[in-house]
Amino acid sequence: MPKPRTSPYLLLANIGQLLTLRGEAAPRRGAALREIGLVEGAAVVCAGGKILAAGPQREILRGPWLRSNRRKVQELDCRGGVVLPGLIDCHTHPVFAEPRLVDFEKRIAGAGYEEIAAAGGGIRSSVAGVRKAAAGQLSENVLIALNAMLEQGTSVVETKSGYGLTLEDEIKSLEAIRQAARRWPGEVVPTLLAAHVVPQEYAGRADEYVRLVCEEMIPLVARRKLARYVDVFCDRGAFTQEQSEKIMTASQRHGLGTRAHVCQFTPARLGPLLEHRPASLDHMDCVQAEDIALLARGETVAVLLPGANYFLGHKEYPDARRLIDAGAPVALATDYNPGTSPTPSMPFVISLACTHMKMSPAEAIAAATINAACALRLQDRKGSLDAGKDADMAVFDVKDYREIAYWFAWDRCVEMVVAGRPARRT
Ligand code: NIG
Ligand code: FE
C-alpha cells in the first residue's frame with residue numbers, strides 16, 4: 001500500500017495532558033516507575049520522524065524553529081485529549097490460523113490449561129493449522145492483529161513464531177511476520193519461538209528436537225536475519241531449564257538476543273537463566289523471593305501478562321507489587337495468542353494491571369511504554385518523548401491519563417502518530 005503523502009513536519013496541538021515519560025533510557029524501578037513526566041496544556045513538534053520538542057504549548061509555539069517553519073507544518077488538533085508514547089506490546093504470538101474454541105469450551109466446563117495441553121490440545125492443536133496454512137494467509141492474520149493493536153494505541157510489537165515447530169514452518173511463520181511488518185507503519189520485533197513445546201513427532205525425544213532448534217533453526221534464522229530474539233517456554237510440559245539454557249547458548253552464539261517464558265505454572269530458579277542475560281523473562285506468576293532480588297540487581301525485565309490470567313480464569317495474578325517494591329524492572333504486554341490471551345488491547349492489559357495487580361495507572365503506563373521498550377532493548381529510540389527519539393504517539397480522547405486504565409473494554413484511542421505521521425488506519 002503506498003504511504004499517504006503527509007508532511008514530514010507535524011505539530012500535535014491542544015494536548016490536555018502529555019505524558020513524556022522523560023528520563024534516563026533505562027528500566028524504571030521502584031518509585032521511579034510512577035514518574036510519567038506529566039505536562040498539562042502541551043504540544044509536540046515532530047520533524048523527519050523524530051521528536052523535535054515536547055512541552056507546554058505556549059513554550060513550544062514560541063520556539064524559533066516552529067515560528068519560522070509554521071507554514072510547512074501539518075497540525076493535529078488533539079482537542080484536549082491525553083497524548084503518550086505509542087504503547088509497546090513486548091510479547092505476542094500472532095502467527096496462527098484459527099481461534100481455539102474447543103479448548104475455550106473445555107475450560108469453561110472445568111478443565112485446566114495444562115490438562116488440556118497434556119491431552120493433545122493447547123499449543124499443539126494450533127500447530128496443524130499453521131503447518132497447513134499458506135504464508136500469505138498467515139501474514140494476513142498477523143496484519144489483522146497488528147492493525148487491531150495500532151487501533152488501540154500500540155506502535156511497537158514483538159511477534160513470535162511458535163506454532164510451526166518444523167524448520168520449514170517456523171521459517172514460514174517468520175516470513176509471514178516479515179511480510180505483515182512491511183505493510184504496517186509501526187515497528188515489529190520478530191522472535192523465533194521454535195522451543196514452544198515438543199512437537200508430537202518428537203514425543204519422548206525432546207533432546208533431539210532441542211538439537212534441531214539449536215543446530216538448524218537458530219543458525220538459519222540468524223543467517224537470514226528473520227528474528228532478533230529467540231524465546232523458549234521453560235516450564236512443566238514444555239522445556240527443562242537445561243534445555244532452555246542450551247537454546248540460549250546457541251542463540252547467543254549466533255548473535256541473537258534471548259528471552260524466556262518462565263514461572264507461568266511452576267516455580268523455577270532463575271539464576272542459571274539470568275546468567276545468559278536475557279532481555280526479558282516473561283509471565284513470572286510464581287517467581288520466588290530470592291529471584292526477585294536477583295532481578296532487582298540486573299537489567300533483565302520481568303514482563304507480566306495478566307491477559308493470560310484473565311482468560312484462563314485464574315484467581316491469582318503475577319505479584320507486580322512485590323517485584324516493583326523490590327526494585328525489579330517490570331513491563332506489561334498482551335501475550336496475544338489463541339490459547340491464553342486472545343486480546344490485541346494494551347489498554348485492557350493496563351486496566352487489568354491496575355485492578356488485579358494493584359499497579360497505579362502511572363506505573364502501568366510506564367510499564368507499557370519505557371519499560372516495555374527496555375524489554376526489547378529499544379529504549380534509545382522508543383518508549384518516551386525525549387527530543388531525538390522516534391515520534392510514535394497515541395492520542396486518547398480522555399481528559400485524565402488515569403482514564404486509560406479506568407474505562408475497560410472501551411477503545412478510547414482516537415489517533416496514532418508513527419514516525420511523525422498520522423497512522424491510525426492502514
Ligand atoms: O504465553 N506459555 C506459553 N505460550 C503462550 C500460550 C500459547 C498457547 O496456548 O497457544 C503463553 O501463554
Ligand atoms: Fe506467551
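Note that ligands are numbered from 1 as they come in the structure, with each ligand's atoms numbered from 1 the same way. The figures that follow rest on heavy atoms only: side chains count, while hydrogens, waters and symmetry mates do not.
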Mind checking whether Tyr163 has a heavy atom under 4.0 Å from ligand 1? yes
Ligand-residue contact atoms, ligand 1 with Tyr113, heavy atoms, under 4.0 Å: 6 (C), 7 (C), 8 (C), 9 (O)
Is Asp335 close enough to the Fe ion (ligand 2) to have an N, O or S atom under 2.8 Å? yes
Where does the angle between the aromatic ring planes of Phe96 and Tyr336 fall among parallel (under 30°), tilted (30 to 60°) and perpendicular (over 60°)? tilted
Atoms of ligand 1 less than 4.0 Å from His91 heavy atoms? 1 (O)
Over 12 non-hydrogen atoms of neighbours within 6.0 angstrom of CZ in Arg205: yes
Check: Arg381 and Glu187 side chains under 4.5 Å, non-hydrogen atoms: yes
Qualifying residue for side-chain contact (heavy atoms from CB on, under 4.5 Å) with Ser251, from Val221, Ile218, Leu192: Ile218
Determine which of the N, O or S atoms in His91 is closest to the Fe ion (ligand 2) and give its atom name. NE2
Can you confirm, on distance only, whether ligand 1 has an N/O atom lying under 3.5 Å from any N/O atom belonging to Ser126? no
Restricting to N/O/S, name the atom of His261 that gets closest to the Fe ion (ligand 2). NE2
Cation over ring face, Arg412 and Trp410, 6.0 Å, 45°: yes
In ligand 1, which numbered atoms sit nearer than 4.0 Å to a non-hydrogen atom of Thr340? 6 (C), 9 (O), 11 (C), 12 (O)
Could you check Arg402, Arg321, Arg29 and say which one makes a salt bridge (Lys or Arg N to Asp or Glu O under 4.0 Å) with Glu363? Arg321
Restricting to N, O or S, what is the name of the atom of His93 that lies nearest the Fe ion (ligand 2)? NE2
In this structure, atom 2 (N) of ligand 1 is nearest to the protein heavy atom Gln264 OE1, 2.7 Å
Between the Fe ion (ligand 2) and His283, is there an N, O or S atom separated by less than 2.8 Å? no
Can you sort out which atoms of ligand 1 are near Asp335, meaning under 4.0 Å from one of its heavy atoms? 1 (O), 11 (C), 12 (O)
Quick note on ligand 1: atoms under 4.0 Å from a heavy atom of Ile123 include exactly 7 (C), 8 (C), 9 (O), 10 (O)
For Tyr310, the option from Phe348, Phe408, Tyr317 that meets ring-ring contact (aromatic ring centres under 6.0 Å, His included): Phe348
In Gln264, His91, His261, the residue satisfying side chain to side chain donor-acceptor pair (under 3.5 Å) with Asp282 is His91
